[in-house]
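Not measured: the values here are computed from a predicted model. Residue numbers begin at 1 in each chain, while the letters A, B, ... track the order of the sequences.
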Amino acid sequence: MRFPSVCSLLLFAATIGVLSSCKEEKKLPIFGMRDTKTVTLADGTTQVDTVYQTIPDFSFLNQDSTYINNDTFKNKVYVADFFFTSCPSICPIMHRNMKKVYEEYKGNPEVGFLSHTIDFKYDKPSVLKRYAAKLGVDDQKWQFAYGSKEEIYTIAEKSYLVSVTIDSTQKGMYVHQGWLVLVDKDRRIRGAYDGTDAKQVEQMAKDIPVLLAEYKK
Amino acid sequence: MKRKHLLLSIFLLVLTGIFYSCSREGGTSLEQDMYYANGRDLYIQHCQNCHGEKGEGLENLIPPLTDTTYLKQNRNKLACYIKNGMEGKISVDGRMFDEKMPSHEEFTDIDLAQLIVFITNAYGNKQGMYTTAEAAAYLQNCK
């Protein structure tokens, strides 16, 4: 009795070892443009560093009509997307999928969510508030951002690399891509997942701990 | 000998009759099956994004299609709701919804009938056939 149990214990430990060493190797890619910069080190020598594209400073009104900015997501990895509350097409699917991830990370303060509305005419903070409440996510963990057309459209396309346009020939008027963008604690884009595809969103849910692991040292 | 044949064929006729009517009753007509299949295609294209793959809806924003009582009680209004859209307070699944569903004016009577056969026989519903003529008739009374 004793021998096999020691054996299985060893096997178990070995499996854990293999698994965890695999995990350590996996790292999410860094998206966006990159640049190089020459830095001078303390000892006077110089070195070339890679500079990654980051989410710039922003400040938007949220569903409580208070301002949120980058600090709202300080020490968090977060999932960002672009939607509007009266969207007849892809938004319900995106938020149905995103809600599952939200539930999964409800108790984890290192994970946040940020949905920007692209309907600057109708989606005032009070409308966002109502939407959040009905989606069952009206807390600080999932923020809904309202900004001017200029601000939102610029940050979508230039920073989160999500294309949004107004097209009056389309039903629902706004055309946008259903990407869920995963941003790390250093404001860099580490993943983009099709929010209308349940499989990709599941993958995102699996990638979040991989990203968080980078910060555990 | 002749008499025996006659009896046997009557017996067989009755048997097939019973079998046929039973299979009709327990199963569904071919027409209904075709409406259901086409209705499912239309549902996937036009409704699934909002009402969900399992008819589950979306929290308190979009009602589910699993409330069999609601769909039964409103059978005569479904064609109007789907074609013209709907808004205002409704109680589905024991919850209040006060949202807006867009119209689908492009749907013909047969599209509507197929969709309604699908939603009233999927997700726990079992209302049976809904004909194109029914859709046409109910559409006369939309508010």
Side-chain angles (χ1 to χ4, degrees), chain A residues 63 81 83-104 106 113 115 117 119 121-123 126-139 141-142 144 168-178 180 194-202, chain B residues 39-67 70-71 78-108 111-112 115 118-119 122-124:
Chain A
Q63 68 269 34
D81 78 332
F83 88 114
F84 57 110
T85 61
S86 59
C87 165
S89 53
I90 61 176
C91 317
I93 319 177
M94 287 162 66
H95 282 179
R96 183 181 293 119
N97 288 332
M98 213 161 141
K99 172 87 197 272
K100 290 197 187 111
V101 185
Y102 165 90
E103 294 292 346
E104 206 174 322
K106 211 167 182 174
F113 298 83
S115 290
T117 177
D119 185 353
K121 283 201 194 105
Y122 177 72
D123 282 349
S126 61
V127 176
L128 294 175
K129 177 85 179 164
R130 187 174 168 278
Y131 181 88
K134 295 207 166 179
L135 188 60
V137 299
D138 188 18
D139 57 11
K141 189 175 193 70
W142 191 333
F144 289 82
S168 48
T169 62
Q170 283 266 135
K171 213 177 177 182
M173 293 259 280
Y174 300 93
V175 188
H176 59 124
Q177 298 173 326
L180 305 185
D194 181 351
T196 64
D197 180 346
K199 287 228 167 59
Q200 289 201 30
V201 180
E202 264 169 42
Chain B
R40 186 177 52 209
D41 289 347
L42 287 168
Y43 180 84
I44 292 169
Q45 265 177 50
H46 299 278
C47 327
Q48 184 165 297
N49 62 327
C50 285
H51 289 284
E53 208 176 328
K54 303 188 191 78
E56 75 272 29
L58 177 60
E59 305 299 330
N60 290 329
L61 287 163
I62 299 166
L65 298 171
T66 52
D67 183 340
Y70 180 91
L71 288 183
L78 295 178
C80 298
Y81 289 166
I82 297 169
K83 184 154 186 160
N84 303 333
M86 73 187 291
E87 63 180 299
K89 283 204 175 80
I90 53 169
S91 166
V92 183
D93 188 36
R95 289 176 280 156
M96 280 304 267
F97 292 85
D98 186 6
E99 301 297 320
K100 197 172 158 189
M101 166 158 88
S103 63
H104 288 91
E105 275 140 45
E106 70 278 17
F107 286 153
T108 59
D111 291 335
L112 290 166
L115 264 167
F118 176 70
I119 62 169
Y123 314 128

Practice task
Against chain A, label B:Leu61 side chain, backbone, both or neither, depending on which of its atoms sit under 4.5 Å from a heavy atom there.
Solution key: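 It is both, since atoms from each part get that close.
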Fill in the blank from the handout: Nearest heavy-atom approach of A:Lys134 to B:Glu59 is O-CB, 3.3 Å
Completion exercise
Counting heavy-atom pairs under 4.5 angstrom with chain B, the leader among A:Arg130, A:His95, A:Met94 is A:Arg130
Exercise for the section: Name, in order of residue number, those residues of residues 42-52 of chain B that have a heavy atom at a distance of less than 4.5 Å from a heavy atom in chain A; otherwise write 'none'. Expected result: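 Counting heavy atoms that sit under 4.5 Å from chain A, the residues of residues 42-52 of chain B involved are B:Gln48, B:Asn49, B:Cys50, B:His51, B:Gly52.
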Exercise for the section: Flag yes if more than 12 heavy atoms outside A:Glu103 fall under 6.0 Å of its CD atom; otherwise flag no. Expected result: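 Yes, the 6.0 Å shell around CD holds more than 12 heavy atoms from other groups.
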Fill in the blank from the handout: Hits for side-chain hydrogen bond (donor to acceptor under 3.5 Å, both in side chains) against A:Asn97, two or more places apart or cross-chain, chain-then-number order -> none
